[in-house]
Protein chains: 2
Amino acid sequence: MAKTRDRARERVGSPLDTLHFALDRSSPVPLYYQLAQQLEAAIEHGALAPGNLLGNEIDLSTRLGLSRPTVRQAIQSLVDKGLLVRRRGVGTQVVHSQVKRSLELSSLYDDLEAAGQGPTTRVVRNETVPASADVAAALGLAEGADVILLERLRSTHGQPVALLCNYLPAGLLDLDTARLETTGLYRMMRAAGVTLHSARQTVGARSATAEEAARLDEKEGAAVLTMQRTAYDDTGRAVEYGSHIYRASRYAFDFQLLVRT
Amino acid sequence: MAKTRDRARERVGSPLDTLHFALDRSSPVPLYYQLAQQLEAAIEHGALAPGNLLGNEIDLSTRLGLSRPTVRQAIQSLVDKGLLVRRRGVGTQVVHSQVKRSLELSSLYDDLEAAGQGPTTRVVRNETVPASADVAAALGLAEGADVILLERLRSTHGQPVALLCNYLPAGLLDLDTARLETTGLYRMMRAAGVTLHSARQTVGARSATAEEAARLDEKEGAAVLTMQRTAYDDTGRAVEYGSHIYRASRYAFDFQLLVRT
DNA sequence: CAGTGGTCTAGACCACATT
DNA sequence: ATGTGGTCTAGACCACTGC
């Protein structure tokens, strides 16, 4: 520490200077997206280290043969993802490693997207029933309207993890039991042309009933996580309501918040 | 229904045509932001009803005397908030009411921002201690380094709701106990110049220990929600680690997911 | 003061959905 | 064929930061 030259910030070229970006203007993939992906890859594999400055946007755009707005759009998307931080008068830098590690963790979103991808899923029930009052309310249907009731048991390593109970408006989707066990509900919905837009979730806890405990291989009264979710497509229609129970001893929700500024 | 003229979609002017937007170019508030706020207000108070088309961006920009990119930026911010949906070849419309209601619900973020705002908070401990291994790891400090330990009991309506245990790097902040009970931790951090950037959270459940049960006015073995959170500032420094317990009978996490497209 | 990001303009062409 | 949003350009001026 003693002999370190104390020019706190030597002005150095950005590590970006030596990086090569391959932009394909004939690709249908937008240029800003191509750039964002390659920047993200550079961050991920360490070519851009935490704290590194990216160098100003103007230089970058001329070097890449892009306009500044396009470069900004690419950078902004990574800022929105939490990988970069912008500071006026300073520059754009890669967030520090501790934060990055967190960002790589699985999120609740993954759980949503990949629902059904867990090692094994067994479909316990898959039938059409009249909607109860609460289900009808959640899906925006009339009480007694036909809904598909889906009950699944999810396991990992041969141990039950969760009891999933879903309701979908009848006719929205063809729910083949065999496919459900391998493909996952959300993937099937996507394949059927349902584009998810948003979902509202509530996570709570309570003690397992005797029946739940038996199904989940827990003791009666053990703590379980509960989750209710209503998912909407991009027309605002409720397309799924789920009421799920997770073994607290084997599952936790893990996710990331980005603070909107 | 019988005599309705069945031109399924009569081309009508957007409800936006009759709306007035007051843009102040001398204001330091960006134009796109002014527009976004006024659009959001129009949606909220019903001038723009769910399903309404906004009309094309070009017309809107000329009517407002703005450039198209500026108008797009305003619209995009509302799309990101989940209030609007864009469809190529169709237009931009207000999402349907069911989704909107969900969006208005409190989110985990509110919990973060407003931590301490709950009716009453009692500070049980507020002292400097050496960091244990797990706390040191979470905060990125050396084991044994000084950290502030904060223990609070939060209540609503005279009933305990949560037991909050926070660790902060020593010297980051002056934590006055009296202010903590009225102002909230995150507000105090913000006031001290700490700008939050992101946080990673894990939500789980377990049975309450005897001591926890006593403090939360529950029975031993009652299910409680657990939450661990590490918060980072915009330099990537960990500025807070919390390990909290909530009474499952009185609290649940409620939040919204927007599906990135 | 110099350098950075933040905002804004006035166009352009394209892909896509609907008619 | 028409109208929409999606993308892109090549500039401009301002506000803030750090020296």
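What's counted below: heavy atoms across the whole structure, side chains too, no hydrogens, waters or symmetry copies. Residue numbering restarts at 1 for every chain, and letters A, B, ... go by the order of the sequence lines.
The shortest distance between the side-chain N/O atoms of Tyr32(A) and the OP1/OP2 oxygens of dT7(D) is below 4.0 Å. For Asn56(A) and dG3(C), the shortest distance from a side-chain N or O to OP1 or OP2 is not below 4.0 Å. Note on Arg25(B): a side-chain N or O is less than 4.0 Å away from OP1 or OP2 of dT9(C).
A heavy-atom distance below 4.0 Å to DNA chain C is reached by these residues of residues 66-82 of chain A, ordered by number: Arg68(A), Arg72(A).
Taking the six-membered ring for Trp and the full ring otherwise, Phe255(A) and Phe255(B) have centroids separated by under 6.0 Å.
Side-chain N/O atoms of Thr177(B) and Asn126(B) include a donor and acceptor closer than 3.5 Å. With hydrogens and angles left out, the side-chain atoms of Tyr32(B) and Gln76(B) include no donor and acceptor closer than 3.5 Å. No side-chain donor from either of Asp233(B) and Thr195(B) sits under 3.5 Å from a side-chain acceptor of the other.
Between Leu53(B) atom CG and dT4(D) atom C1' there is a gap of 10 Å when expressed in whole angstrom units. Distance Leu84(B) CG to dT4(D) P: 16 Å, rounded to the nearest Å.
Heavy-atom contacts from other residues, nucleotides or ligands closer than 6.0 Å to CZ of Arg87(A) number more than 12.
In this structure, the helix from dC1(C)-dG18(D) to dT18(C)-dA1(D) shows an angle of 10° between the axis at its start and the axis at its end, each fitted on 5 base pairs and rounded to 10°.
Within the nucleic acid shown, Leu31(B) comes within 4.0 Å of sugar-phosphate atoms alone, with no base atom in reach, counting heavy atoms only.
Salt bridge status for Glu40(B) with Lys81(B): present, with a side-chain N to carboxylate O gap under 4.0 Å. Salt bridge Arg200(B)/Asp254(A): present, at least one basic N to carboxylate O contact under 4.0 Å.
Each of Gly89(A) and Val29(A) was matched to the nucleotide of DNA chain D holding its nearest heavy atom; the match closer to the 5' end belongs to Val29(A).
Paired with Thr92(A) under the rule side-chain contact (heavy atoms from CB on, under 4.5 Å), one option of Leu54(A), Leu60(A), Asn56(A) passes, and it is Leu54(A).
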